[in-house]
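Report on the following structure.
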Amino acid sequence: MNLLDKFLNEYHLTRYRISKISGISNQLLGLYTKKGLADYPIWLIRALAAATDQTTEEALNKLEILETASDDLYGVRSFLMKYNCSFPQEELNFYRALRAVEALNMDLEEMKFDRFEKEEHTNIEQDVKKALSNATETIETIIWKRRNGHFDIDE
């Protein structure tokens, strides 16, 4: 199911109902069923917020949470699945860090956890969570450096 319909289902709404509430044509809403959140205009997020009695920030947060759940996260999703782990807040933080990298026109490759695979782990869930947190911190550090002109990623 697409992101828009997942969001609407959470609130027991349909695209038809949203079109009646907001005045946005059902056809136009249908176009956004083929797009990710990065392609949603602010007017659409505001309309979804108004129709669900939320702030724009709350609606955006819910959309991010829904998109995070189905995003591959540059290979991290398969890493989490391999160890049967799920950390919704950490996954959301990682997702947001990835979107910031994309917004800064920086390239990312699929994440590999070769070193992690070779290490011995006594508490795999805790170690997987730590690996995800470390990956997020690394990306956030790179973003900070890029924003502050400490180095050029494109070199």
| CG/Leu31 to OG/Ser25 distance, rounded to the nearest 0.5 angstrom? | 7.5 Å
When you look at [atom1] of [X], are more than 12 heavy atoms from neighbouring residues, nucleotides or ligands closer to it than 6.0 Å?
X	atom1	answer
Asn123	CG	yes
Lys129	NZ	no
Glu109	CD	no
Glu57	CD	no
Gln27	CD	no

| query | What residues form a side-chain hydrogen bond (donor to acceptor under 3.5 Å, both in side chains) with Thr138, not counting sequence neighbours? | reply | none
| task | Applying salt bridge (charged side-chain N to carboxylate O under 4.0 Å, His left out), run through Lys6 and Glu10 and close with a yes or a no. | result | CA-CA 6 Å; Lys6 282 180 189 176; Glu10 292 277 322; over 6 Å; no
| Does the cation-pi check pass for Lys35 over Tyr32, that is, NZ or CZ under 6.0 Å from the six-membered ring centre and within 45° of its axis? | yes
| ILVMFWY cluster, Leu29 and Tyr16 together (side-chain gap under 4.5 Å) | no
| Would you say Leu37 and Met1 are hydrophobically clustered, going by side-chain heavy atoms of ILVMFWY under 4.5 Å? | no
Show the nearest heavy-atom pair for residues [X] and [Y], with the distance to one decimal.
X	Y	value
Leu3	Leu63	CD1-O, 3.6 Å
Glu140	Ala97	CG-CB, 4.2 Å
Arg15	Asp5	NE-OD1, 2.9 Å
Phe7	Ala59	CE1-O, 3.9 Å

| request: Go through the side-chain N and O atoms of Asn93 and Gln89 and say whether any donor and acceptor fall under 3.5 Å apart. | output: yes
| message | Check whether Tyr11 reaches the backbone of Asp53 with its side chain - one donor and one acceptor, N or O, closer than 3.5 Å. | response | no
| field | His121 (side chain) donor-acceptor with Phe116 (main chain) under 3.5 angstrom | value | yes
| note | For Arg17, the side-chain contact (heavy atoms from CB on, under 4.5 Å) test, sequence neighbours excluded, returns Leu13, Thr14, Lys20, Ile21
Mind listing the side-chain donor-acceptor pairs of residues 68-75 below 3.5 Å, one per line with the distance, residues two or more places apart or on another chain?
residue : atom : partner : partner atom : Å
Thr68   : OG1  : Glu64   : O            : 2.7
Ser70   : OG   : Glu67   : O            : 3.3
Asp71   : OD1  : Leu73   : N            : 2.6
Asp71   : OD2  : Arg99   : NH1          : 3.1
Asp72   : OD2  : Gly75   : N            : 3.0
Tyr74   : OH   : Glu102  : OE2          : 2.7

